[in-house]
Amino acid sequence: VMRYQVLLSLMLSSQTKDEVTSAAMLRLRERGLTVDRILQMDDVTLGDIIYPVGFWRNKVKYIKQTTAILKEQYGGDIPSTVEELVKLPGVGPKMAHLAMQIAWNRVCGISVDTHVHRITNRLKWVKKETRSPEETRLALEDWLPRDLWKEINWLLVGFGQQTCLPVNPRCGECLNRDTCPAARTR
């Protein structure tokens, strides 16, 4: 149940503020957040519960499809590999790597979201500028010691939400301003 809830929270979190995801998860848990309960729930009810998460209509569809697959193919559990996780509707590489880390306590790769992608490019931690989070993941995994893979997402996401913003980053307040190539150009 915990692994399933981890996966659902990751699915809800995409393009959604943390507070909104947390509130939706609380409402789901109040209804009994299990594979069977979600499968018994109609789409309208599920949508009412998770709204206002971003792209909630699509997420209702993905959650229902994924939950049915989990029930049929995995006995209600979630897959134990990144390769199997990304085959599920609505689950991408970032979610899969985080699910492996949180639900299975295995670090199989770096979880790269938009914040990690943006910040590592600004800091020039990638040899050449990358165009996607997946390109960034591969570039980072090529040089970053494996024992740091678990930490990088946790360290950079909050930093990207508060300081190193996509538009108008707060370089003047940043402790990295003297070493950051992007800060020098602003």
Side-chain angles (χ1 to χ4, degrees), residues 1-119 131-137 150 152-154 156-162 165-167:
V1 172
M2 183 277 294
R3 287 191 287 262
Y4 175 66
Q5 291 184 5
V6 164
L7 183 61
L8 252 60
S9 68
L10 290 168
M11 292 174 75
L12 291 174
S13 72
S14 177
Q15 301 290 309
T16 303
K17 291 194 178 293
D18 294 343
E19 314 79 67
V20 175
T21 301
S22 178
M25 284 299 293
L26 283 172
R27 290 189 300 275
L28 283 167
R29 285 190 183 107
E30 288 170 356
R31 298 291 195 100
L33 182 50
T34 64
V35 166
D36 291 329
R37 295 296 287 258
I38 294 298
L39 288 175
Q40 293 165 1
M41 197 177 290
D42 63 82
D43 292 4
V44 172
T45 302
L46 181 56
D48 288 343
I49 294 169
I50 69 169
Y51 180 85
V53 298
F55 304 99
W56 64 272
R57 286 183 183 89
N58 288 337
K59 289 177 184 177
V60 166
K61 182 176 66 174
Y62 295 148
I63 288 169
K64 294 295 281 230
Q65 291 171 346
T66 291
T67 303
I69 293 167
L70 297 178
K71 174 84 172 180
E72 294 165 15
Q73 297 179 21
Y74 297 94
D77 205 344
I78 71 169
S80 60
T81 68
V82 169
E83 294 74 24
E84 291 173 290
L85 283 163
V86 296
K87 289 179 184 174
L88 297 171
V91 178
K94 177 202 87 162
M95 287 181 219
H97 285 289
L98 276 175
M100 289 301 298
Q101 188 177 329
I102 299 165
W104 293 105
N105 198 27
R106 288 189 217 138
V107 178
C108 304
I110 298 171
S111 176
V112 177
D113 66 357
T114 183
H115 300 293
V116 176
H117 170 65
R118 177 180 68 255
I119 294 166
R131 297 185 185 272
S132 69
E134 189 59 11
E135 274 186 49
T136 301
R137 180 184 70 80
K150 182 177 182 177
I152 190 168
N153 181 274
W154 305 112
L156 295 183
V157 168
F159 179 60
Q161 291 171 335
Q162 300 294 316
L165 304 171
V167 179

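Remember, predicted model here, so these are calculated numbers, not experimental data.
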- Query: How many angstroms lie between CG in L28 and CE in M41, if you round to the nearest 0.5 Å?
  - Reply: 6.5 Å

- Of all heavy-atom pairs between V116 and T136, which one has the smallest distance, and what is that distance? O-CG2, 4.4 Å

- Query: Under a 4.5 Å cut-off applied to non-hydrogen side-chain atoms, are P133 and K94 in contact?
  - Reply: no

- Query: Looking only at heavy atoms, which two atoms of I50 and A24 are closest? And how far apart?
  - Reply: O-CB, 3.9 Å

- Item | Side chains of H97 and V82 in contact at under 4.5 Å (non-hydrogen atoms) | yes

- CZ of R29 to CD of Q5: how many Å apart, nearest 0.5 Å? 4.5 Å

- Using the test side chain to side chain donor-acceptor pair (under 3.5 Å), find all partners of K87 that sit at least two apart in sequence or belong to another chain. none

- Specify the closest pair of heavy atoms between E83 and V86, including all atoms of both residues, with the distance to one decimal. O-CG2, 3.4 Å

- Query: What residues, two or more places apart in sequence or in another chain, satisfy side-chain contact (heavy atoms from CB on, under 4.5 Å) together with T16?
  - Reply: V20, T21, V53, K59

- Shortest non-hydrogen pair, L33 vs M25, comes out as CD2-CE, 3.4 Å

- Message: I'd like to know if the side chain of R106 and the backbone of S80 have a donor-acceptor N/O pair within less than 3.5 Å.
- Response: yes

- Within a strict 4.5 Å, meaning less than it, do heavy atoms of the K71 and D36 side chains meet? yes

- Query: Ignoring hydrogens and geometry, is there a side-chain-to-backbone donor-acceptor pair from R118 to G160 under 3.5 Å?
  - Reply: yes

- What's the spacing between L165 CG and H115 NE2 if we round to 0.5 Å? 9.0 Å

- Query: Do R3 and Y74 touch side chain to side chain, with heavy atoms closer than 4.5 Å?
  - Reply: no

- Spell out, as yes or no, whether a donor-acceptor pair under 3.5 Å connects the side chain of R37 to the backbone of R31. yes

- Item | Reported CE-to-CD1 distance for the pair M11 and I63, which is rounded to 0.5 angstrom | 5.5 Å

- Message: Around atom NZ of K64, are there more than 12 heavy atoms from other residues, nucleotides or ligands closer than 6.0 Å?
- Response: yes

- Within-4.5 Å side-chain heavy-atom neighbours: L88 and I78: no

- Task: Tell me, with the steps shown, if D113 and L98 meet side-chain contact (heavy atoms from CB on, under 4.5 Å).
- Result: CA-CA 10 Å; D113 66 357; L98 276 175; over 6 Å; no

- Message: Could you walk me through whether K150 and N105 satisfy the side-chain contact (heavy atoms from CB on, under 4.5 Å) test, starting with their C-alpha distance in whole Å, then the side-chain angles of each, then the deciding distance to 0.1 Å, before giving a yes or no?
- Response: CA-CA 10 Å; K150 182 177 182 177; N105 198 27; 4.2 Å; yes

- Task: Write out all pairs satisfying side chain to side chain donor-acceptor pair (under 3.5 Å) with one or both partners inside residues 40-49, taking only residues at least two apart or from two chains.
- Result: D42-T45

- Taking every heavy atom of A96 against every heavy atom of V91, the minimum-distance pair comes out as N-CG1, 4.2 Å

- Using modelled atom types only, decide if a donor and an acceptor are shared between the side chain of W104 and the backbone of P79 within a distance under 3.5 Å. yes

- Distance, nearest 0.5 Å, that separates CD1 of I69 from CD of Q65: 7.0 Å

- Message: So does L10 get a backbone contact from the side chain of S13, meaning a donor-acceptor N/O pair under 3.5 Å?
- Response: yes

- Looking at CG of L85 and OG1 of T66, how far apart are the two atoms once the value is rounded to the nearest 0.5 Å? 9.5 Å

- Item | More than 12 heavy atoms of other groups within 6.0 Å of R27 CZ | yes

- Item | Side-chain donor-acceptor pair present, T67, Y4, cut-off under 3.5 Å | yes

